[in-house]
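The chains referred to below are lettered A, B, ... by the order of the sequence lines, with proteins before strands, and numbering in each begins at 1. Scope of the values below: all heavy atoms of this structure, side chains included, with no hydrogens, waters or symmetry mates.
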Number of protein chains: 2
Amino acid sequence: MKLEKAASQLEALGNPTRLQLYRILVRAGDDGLAVGSVQGKLDIPSSTLSHHLKRLVDTGLVTQERQATTLICRANYPGMNALIGYLADECCADAACAPAVGKALA
Amino acid sequence: MKLEKAASQLEALGNPTRLQLYRILVRAGDDGLAVGSVQGKLDIPSSTLSHHLKRLVDTGLVTQERQATTLICRANYPGMNALIGYLADECCADAACAPAVGKALA
DNA sequence: ACTCAATTTCGAAAAATATGGAAATAGTGT
DNA sequence: ACACTATTTCCATATTTTTCGAAATTGAGT
């Protein structure tokens with residue numbers, strides 16, 4: 001993963017509303033959730049929600065699929081895994097770096 | 001970890017300059033790096049660097065320690081671990097969720 | 001074609017962020 | 001106290017982000 005892409009995904013998640021939004025989609029699981037249902041849970045205007053959703057889709061963290069008039073949104077797990085992988089690799093927080101981490105924690 | 005804190009850390013890392021900066025500090029390891037040394041590697045004005053560094057320190061991703069006139073900066077591994085842990089827990093990307101992840105990858 | 005519901009785009013204002021030059025500060029040695 | 005270096009704060013500006021009402025669009029059913 002390139003640094004630029006990681007940064008854009010981190011920035012996308014670095015907004016409380018979007019992080020909450022992403023969390024909601026994760027919890028919805030493989031079935032996903034319609035934009036309207038998400039709106040009901042977040043209670044923000046549809047235009048605002050649409051902008052935030054677009055940001056998550058553009059950065060590859062969320063996918064969308066039409067079902068009749070509703071748009072189903074799903075958390076894109078591989079996308080998140082790649083991001084976590086990048087952080088772990090770059091930032092030394094995985095098992096391979098456990099000694100350093102342990103030391104830092106001590 | 002609270003959602004708000006996670007969001008602020010993600011936002012802090014979600015800027016290419018700051019992510020690069022954080023990467024440099026991670027690679028510097030436990031010895032850390034003086035602000036001036038970081039500046040040499042990034043080639044940005046000191047005031048700009050100082051602003052970005054402050055953001056990382058404020059969000060708990062970097063620590064600083066004075067050594068004479070220089071300020072040593074270090075990546076705060078536990079902080080990053082907590083963040084990755086939050087993402088993994090909230091976002092279903094860890095081993096416990098491997099089935100879902102595998103399905104998504106297929 | 002018409003209508004209804006779901007969602008996005010347009011347009012515009014307020015707020016936050018990013019950037020950096022210049023001045024101020026902090027810390028050490030003399 | 002002074003000089004020197006390292007770093008931050010002050011200040012201002014350009015850019016980006018956030019927000020959302022209103023209008024436009026999309027898709028399905030009639």
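Among all heavy-atom pairs drawn from A:Tyr86 and B:Arg23, the shortest one is OH-CD, 3.8 Å. Contact detail for A:Tyr77 and A:Gly29: the closest heavy-atom pair is OH-CA, 3.7 Å. Closest approach of A:Pro16 to B:Leu3, counting heavy atoms only: O-CD2, 3.7 Å. Across A:Leu19 and B:Ala6, no two heavy atoms sit closer than the pair CD2-CB, 4.0 Å.
For DNA chain D, the residues of residues 60-69 of chain B within the heavy-atom distance limit of 4.0 Å (strictly under) are B:Gln64, B:Thr69, sorted by number. Taken residue by residue, residues 40-54 of chain B places heavy atoms nearer than 4.0 Å to DNA chain C at B:Pro45, B:Ser47, B:Thr48, B:His51, B:His52.
Remark: A:Glu4 CD to A:Gln9 CD distance equals 12.0 Å, nearest 0.5 Å.
A sub-4.0 Å separation between OP1 or OP2 of C:dA18 and a side-chain N or O of B:Arg55 is present.
Counting only distance, with no hydrogens or angles, the side chain of A:Arg18 and the backbone of A:Leu13 share no donor-acceptor pair below 3.5 Å.
The residue among B:Gly36 and B:Glu11 whose nearest nucleotide of DNA chain D is located toward the 5' end is B:Gly36.
The distance from atom CD of B:Gln20 to atom P of C:dT19 is 11 Å, rounded to the nearest whole Å. Residue A:Leu71 contributes atom CG, which lies 18 Å from atom P of C:dA5 at whole-angstrom precision. Summarising the geometry, the separation between CG on B:Asn15 and C1' on C:dT19 is reported as 11 Å, rounded to the nearest angstrom.
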List the atom pairs, donor and acceptor, that lie under 3.5 Å between side-chain atoms in residues 59-75 of chain B and the rest of the protein, sequence neighbours left out.
from: B:Thr59; atom 1: OG1; to: B:Arg55; atom 2: O; distance (Å): 2.9
from: B:Thr59; atom 1: OG1; to: B:Leu56; atom 2: O; distance (Å): 3.2
from: B:Glu65; atom 1: OE1; to: B:Arg74; atom 2: NH1; distance (Å): 2.8
from: B:Glu65; atom 1: OE1; to: B:Arg74; atom 2: NH2; distance (Å): 3.4
from: B:Arg66; atom 1: NH1; to: B:Thr69; atom 2: O; distance (Å): 3.2
from: B:Thr70; atom 1: OG1; to: B:Gln67; atom 2: O; distance (Å): 2.9
from: B:Arg74; atom 1: NE; to: B:Asp30; atom 2: O; distance (Å): 2.6

Anything under 3.5 Å between a donor and an acceptor, one on a side chain of residues 31-46 of chain B, the other on a protein residue two or more places apart or in another chain? List them.
from: B:Gln39; atom 1: NE2; to: B:Ile44; atom 2: O; distance (Å): 3.1

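You'll find the side chain of B:Leu49 reaches within 4.5 Å of the side chain of B:Leu21, heavy atoms only. Considering only heavy atoms from C-beta on, B:Leu87 comes within 4.5 Å of B:Leu10 through its side chain.
Rotation axes derived from the C1' atoms of the five outermost pairs at either end of the helix from C:dA1-D:dT30 to C:dT30-D:dA1 lie 30° apart, to the nearest 10°.
Of all nucleotides in DNA chain D having an atom under 4.0 Å from a heavy atom of chain A, the first and last in 5' to 3' order are D:dT17 to D:dA28.
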Original post:
Can you check side-chain contact (heavy atoms from CB on, under 4.5 Å) on A:Ile84 and A:Met80, steps first, answer last?
Top reply: CA-CA 6 Å; A:Ile84 291 184; A:Met80 173 56 77; 3.8 Å; yes

